[in-house]
Amino acid sequence: MRIYNTLTAEKEDFVPLNKDRVNMYVCGVTVYDSCHIGHARSAIVFDVIQRYLRYRGFKVTFVRNFTDIDDKIINRAKKEGIPWNEVARKYTEEFYSDMDSLGVARADIEPKATEHIKEIIEIVTGLIDKGYAYERDGSVYFEVNKFPDYGKLSKRDKEDMMAGARVEVNERKKDPMDFALWKASKEGEPFWESPWGKGRPGWHIECTAMSIKHLAESFDIHGGGADLIFPHHENEIAQSEAFTGKPFVRYWMHNGFITIDKEKMSKSLGNFFTIKEVLERYDPEVVRFFILSTHYRSPIEFSDEQLKEAEVSIDRYYTTLTRIAEFLSMTHSLENNPPIPPLEKGGKGGFEKAFENTVNSFREKFQTAMDDDFNTALGVGHIFELIREANKYLDSKPSGQKAKELVSKTMELLKEAGSVLNIFRKTPDEWQTALMRTKKIPLTETDMLNRIKAREEARQKKDWAAADTIRKELDEKGIILEDKKDGTGWKIKAG
RNA sequence: GGCGGCGUACCCAAGUGGCUAAGGGGGAGGUCUGCAAAACCUUUAUGCAGCGGUUCAAAUCCGCUCGCCGCCUCCA
């Protein structure tokens with residue numbers, strides 16, 4: 001398995017520090033506002049990574065934190081006139097509700113900054129003792145010049161950054177690059193007692209404290225959005241390695257951004273959609289599929305067109321699943337009958353052989369894709385190749401035990417791959433119901449069945465004009481009719 | 001200004017040295033159908049921003065140019 005490591009800027013073989021155990025830590029959210037679709041990307045990407053590692057037999061301990069104390073939370077509390085911890089509680093709850101809908105699993109451990117004040121103070125004290133940090137007016141700063149490796153993750157040196165000139169003005173710091181480990185609290189702000197007086201943790205220190213406590217001083221994977229590389233993760237490395245004297249993290253993984261009109265989606269630009277807004281219009285599986293259709297490090301342009309394509313793709317899966325289920329139930333009823341001999345010459349036998357090859361090679365292809373830095377986009381491509389071949393095979397009207405086995409195996413493989421990506425988790429009927437909800441179909445199922453019945457009657461009388469009128473009427477409402485031998489079926493138009 | 005990334009068909013998107021450049025959407029034609037839908041088939045990049053170079057061999061490596069984006073400030 002290979003993983004792109006931000007630290008070395010290349011794909012490396014993945015070798016956990018401890019055989020088949022994987023310790024991974026992913027930066028969660030600061031709970032001061034609703035999550036947008038960019039947060040969803042990060043959560044979904046690392047959810048799939050975590051799932052795939054387990055699928056491959058690793059024993060994973062997955063930690064995802066909540067930053068539940070910080071300037072933004074305090075400001076929000078002031079604005080809303082409620083206590084800061086009420087803000088944190090409210091948005092933590094909202095985070096869970098969003099993630100649950102998106103099918104993002106809970107982490108094994110979900111620590112909060114405010115529950116680790118003791119550990120944070122210990123580390124800050126240790127850093128002062130070791131000469132890496134200093135106290136000024138109740139705040140404690142990390143002295144970047146004392147850590148020679150500073151910049152190794154974000155690939156920059158102090159001089160480069162100085163040239164940028166946009167450096168925080170803070171008289172108390174020895175050097176503008178120094179960052180706060182502990183912040184003295186101002187009047188009226190939340191605080192914890194510390195050796196330096198009343199204050200609260202700086203942003204970066206919590207991740208050091210919590211990852212060391214819940215994982216180890218050195219661990220395998222640390223992830224987050226690419227915007228965390230600097231300064232957050234750079235600072236984490238500095239303070240952690242200064243404190244422990246050991247390498248902090250083996251593999252640094254960062255997901256790319258979601259863009260709108262090519263620009264990064266962000267709170268400050270205001271060009272964002274919240275998860276809730278998007279889920280009003282698209283099913284969670286559509287959102288997951290959309291995100292997993294692109295490699296996790298590439299930017300993704302967020303647009304209706306893209307989401308609709310994702311919806312059509314998911315629909316194609318469920319349509320095929322329905323065919324498969326129908327085929328299997330049909331062969332089931334024919335089980336005791338002798339198999340129908342293959343039609344004419346080589347044609348069908350060739351189909352079967354080709355399909356068998358596709359089926360038998362699928363798992364390996366999927367795993368090879370995922371083994372290569374979690375290439376979900378390629379994995380999805382293989383899934384649709386299998387779907388096309390399955391449809392082709394079913395078109396050839398196969399029969400017999402062998403056919404049943406092949407088709408049944410196909411269904412299992414699709415579900416297996418789906419379970420890693422955590423998509424395809426509905427029944428086809430549930431998918432149709434989901435589409436009715438997100439597409440806001442202005443018709444009840446009963447109304448629809450009545451119209452279909454009326455059309456059936458027209459068709460019996462061969463009144464094609466009347467039948468087509470009804471078809472058209474339903475089509476305009478987003479419903480497609482499918483005439484089959486045993487009656488007329490309906491489905492919601494995807495896309 | 002410094003550092004980094006990207007540019008693959010009409011659209012989205014895999015592919016980072018070597019079989020005919022995955023997959024999805026869309027378009028065109030066809031099979032099936034009362035007509036459709038779904039599905040399948042054929043077709044839609046002798047070429048991967050442009051120009052040079054390295055190599056037996058490059059979308060893939062190197063250089064330059066153009067265009068877009070990100071980070072350097074809170075940010076998934």
Side-chain angles (χ1 to χ4, degrees), chain A residues 6 9 11 26-30 32 35-46 70-72 75 151 154-157 159-168 203 223-232 234 254-259 262-269 272 289-290 293-295 297-301 303 305-306 308-316 319-320 322-323 365 369 372 375-396 459 462-465 467-468 471-472 475 479-484 488-491 493 495:
Chain A
T6 307
K11 276 188 208 169
V26 173
C27 287
V29 292
T30 300
Y32 77 104
C35 289
H36 60 63
I37 200 73
H39 298 102
R41 182 178 193 190
S42 185
I44 288 168
V45 160
F46 287 102
D70 135 298
D71 289 347
K72 291 195 291 297
N75 292 339
S154 53
K155 315 281 181 277
R156 63 190 81 204
D157 56 49
E159 286 66 37
D160 289 343
M161 284 183 279
M162 293 308 290
R166 282 192 297 180
V167 206
E168 191 188 338
W203 174 35
D227 44 7
L228 297 181
I229 295 171
F230 190 89
H232 185 51
E234 195 68 62
H254 295 96
N255 62 275
F257 303 125
I258 290 189
T259 60
K262 300 268 186 187
E263 278 192 322
K264 179 187 169 187
M265 179 186 286
S266 74
K267 280 275 163 63
S268 42
L269 286 170
F272 61 90
F289 187 91
F290 159 69
S293 297
T294 301
H295 186 84
R297 283 188 282 114
S298 307
I300 307 184
E301 173 74 9
S303 70
E305 197 190 344
Q306 295 271 74
K308 282 179 179 165
E309 280 192 15
E311 187 174 273
V312 169
S313 293
I314 298 265
D315 192 64
R316 180 165 159 81
T319 302
T320 303
T322 303
R323 279 192 84 180
K365 283 165 90 172
D372 184 15
N375 195 335
T376 54
L378 183 56
V380 164
H382 293 322
I383 288 173
F384 280 91
E385 199 178 359
L386 179 60
I387 284 175
R388 191 189 62 234
E389 292 300 320
N391 275 315
K392 189 199 280 197
Y393 183 63
L394 290 171
D395 274 0
S396 79
R459 289 184 74 214
K462 296 210 191 295
D463 183 355
W464 307 124
D468 289 349
R471 181 202 289 289
K472 190 152 180 268
D475 183 76
I479 296 151
I480 293 171
L481 299 183
E482 298 185 341
D483 295 328
K484 294 177 194 163
T488 297
W490 60 272
K491 57 181 288 190
K493 204 194 297 177

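Just so we're on the same page: letters track the sequence lines, and every chain starts at 1.
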Just to verify, what does A:D227 make a side-chain contact (heavy atoms from CB on, under 4.5 Å) with, not counting sequence neighbours?
A:F257, A:K264
N/O donor-acceptor pair, side chain A:E385 with base B:rG23, under 3.5 angstrom:
no
Please report, rounded to the nearest Å, how far the C1' atom of B:rC12 is from the CD1 atom of A:I258.
15 Å
Out of the candidates A:I300, A:N375, A:D372, A:V45, only one should pair with A:H295 under the side-chain contact (heavy atoms from CB on, under 4.5 Å) rule; please name it.
A:N375
Taking any heavy-atom pair under 4.0 Å as a contact, classify A:G256: base, sugar-phosphate, or nothing.
base
Given 3.5 Å as the limit, does a donor-acceptor pair link the side chain of A:H382 with the main chain of A:G379, or not?
no
Which nucleotide wins on minimum distance to the side chain of A:E305, given the candidates B:rC11, B:rA76, B:rC72?
B:rC11
Check against side chain to side chain contact (heavy atoms under 4.5 Å, CB included), A:H36 and A:I258
CA-CA 10 Å; A:H36 60 63; A:I258 290 189; over 6 Å; no
Have a look at A:H232 and say if it touches a base, only the backbone sugar-phosphate, or nothing, with a 4.0 Å heavy-atom cut-off.
nothing
With respect to the phosphate group of B:rA14, does any side-chain polar atom (N or O) of A:S298 fall under 4.0 Å of OP1 or OP2?
yes
Could you give the CD-to-P distance, from A:E234 to B:rC74, as a whole number of Å?
14 Å
Is the number of heavy atoms from other residues, nucleotides or ligands within 6.0 Å of CD (A:E482) greater than 12?
yes
Go ahead and name the base partner of B:rA14; Watson-Crick or wobble counts if both distances stay under 3.5 Å, otherwise write none.
none
In Watson-Crick or G-U wobble terms, with both distances under 3.5 Å, the base opposite B:rA36 is none
If you find the nucleotide of RNA chain B closest to A:E309 and the one closest to A:S293, which residue's nucleotide is nearer the 5' end?
A:S293
Grab the NE2-C1' distance between A:H254 and B:rC6 for me, whole Å please.
19 Å
What is the separation between atom CD1 on A:I229 and atom P on B:rC69, rounded to the nearest whole Å?
19 Å
CG/A:N255 to OG/A:S42 distance, rounded to the nearest 0.5 angstrom?
4.0 Å
With the criterion being N/O to N/O and under 3.5 Å, what pairs connect the protein with nucleotides 37-40 of chain B, and how long is each?
| from | atom 1 | to | atom 2 | distance (Å) |
| --- | --- | --- | --- | --- |
| B:rA37 | O2' | A:E482 | OE2 | 3.4 |
| B:rA38 | O4' | A:E482 | OE2 | 3.4 |
| B:rA39 | OP1 | A:R316 | NH1 | 3.3 |
| B:rA39 | O3' | A:N391 | ND2 | 3.4 |
| B:rA39 | O2' | A:R323 | NH1 | 2.9 |
| B:rA39 | O2' | A:D395 | OD1 | 3.2 |
| B:rA39 | O2' | A:D395 | OD2 | 2.8 |
| B:rC40 | OP1 | A:R316 | NH2 | 3.1 |
| B:rC40 | OP2 | A:R316 | NH1 | 3.3 |
| B:rC40 | O4' | A:D395 | OD2 | 2.8 |

Identify the nucleotide, in any strand shown, that forms a Watson-Crick or G-U wobble pair with B:rA21, with both distances under 3.5 Å; if there is none, say none.
none
Check this for me, if you would: do A:R156 and A:E234 make a salt bridge, where the nitrogen-to-carboxylate-oxygen distance has to be below 4.0 angstrom?
no
Any idea how A:F384 and A:F289 line up, ring-wise: parallel (<30°), tilted (30 to 60°), or perpendicular (>60°)?
perpendicular
A:N375 (side chain) and B:rG15 (base): donor-acceptor pair under 3.5 Å
no
Could you tell me how far apart A:I300 (CD1) and B:rA76 (P) are, to the nearest whole angstrom?
16 Å
In the strands shown, is B:rU60 matched to any nucleotide by a Watson-Crick or G-U wobble pair with both distances under 3.5 Å, and which?
none
Please measure how far the P atom in B:rC10 lies from the corresponding atom in B:rG5, and state the result in whole Å.
28 Å
Using a cut-off of 4.0 Å on non-hydrogen atoms, how would the nucleic acid contact of A:K462 be classed: base, sugar-phosphate, or nothing?
nothing
Show each protein N/O and nucleotides 58-63 of chain B N/O combination with a separation under 3.5 Å, one pair to a line.
none

B:rC6 pairs with, by Watson-Crick or G-U criteria that keep both distances under 3.5 Å:
B:rG67
Mind checking the P distance from B:rU54 to B:rA45? Whole angstroms is fine.
31 Å
Roughly how many Å is it from NZ in A:K264 to P in B:rC72, rounded to a whole number?
7 Å
Between B:rA76, B:rA14, B:rC72, which nucleotide has the shortest distance from any of its atoms to the side chain of A:F257?
B:rA76
For A:I387, does its backbone N or O pair with a side-chain atom of A:N391 as donor and acceptor, under 3.5 Å?
yes
Determine the Euclidean distance between corresponding P atoms of B:rG24 and B:rC69; express it in Å to zero decimal places.
31 Å
Specify the separation, in whole Å, of atom NE2 of A:H295 and atom C1' of B:rC6.
14 Å
Taking a pair to mean Watson-Crick or G-U wobble geometry with both distances below 3.5 Å, B:rA76 pairs with none
Assign each of A:D227 and A:G381 to its nearest nucleotide of RNA chain B by heavy atoms, then name whichever residue's nucleotide is nearer the 5' end.
A:G381
Using a heavy-atom cut-off of under 4.0 Å over every strand shown, decide if A:L394 touches base, sugar-phosphate, or nothing.
nothing
Please state the P separation for the pair B:rG29 and B:rU55 - nearest whole angstrom.
50 Å
Work out how far the P atom of B:rU44 is from that of B:rA22, and round it to whole angstrom.
12 Å
For A:G224, report the nucleic acid contact type (base, sugar-phosphate, nothing); a contact means any heavy atom under 4.0 Å.
sugar-phosphate
Closest nucleotide among B:rC72, B:rC11, B:rG24 to the A:F230 side chain
B:rC72
Quote, to the nearest angstrom, the P distance that separates B:rA49 from B:rG15.
15 Å
If I pick the C1' atom on B:rG27 and the same atom on B:rC66, what distance separates them, to the nearest angstrom?
31 Å
Grab the CD-C1' distance between A:Q306 and B:rG24 for me, whole Å please.
11 Å
For A:A467 against A:R459, the heavy-atom pair lying closest together:
CB-CG, 3.6 Å
Mind checking the P distance from B:rA14 to B:rA9? Whole angstroms is fine.
13 Å
Need one value for A:L378: base, sugar-phosphate or nothing, where a base atom within 4.0 Å counts as base even if backbone is also close, heavy atoms only.
base
Enter the distance from A:L481:CG to A:K472:NZ here, rounded to the nearest 0.5 Å.
14.0 Å
Ionic contact status for A:K493 with A:D475, cut-off 4.0 Å
yes
B:rU42: pairing nucleotide in any strand, Watson-Crick or G-U under 3.5 angstrom
B:rA28
Inspect the contact between A:R323 and A:D395 and indicate whether a charged nitrogen and a carboxylate oxygen are less than 4.0 angstrom apart.
yes
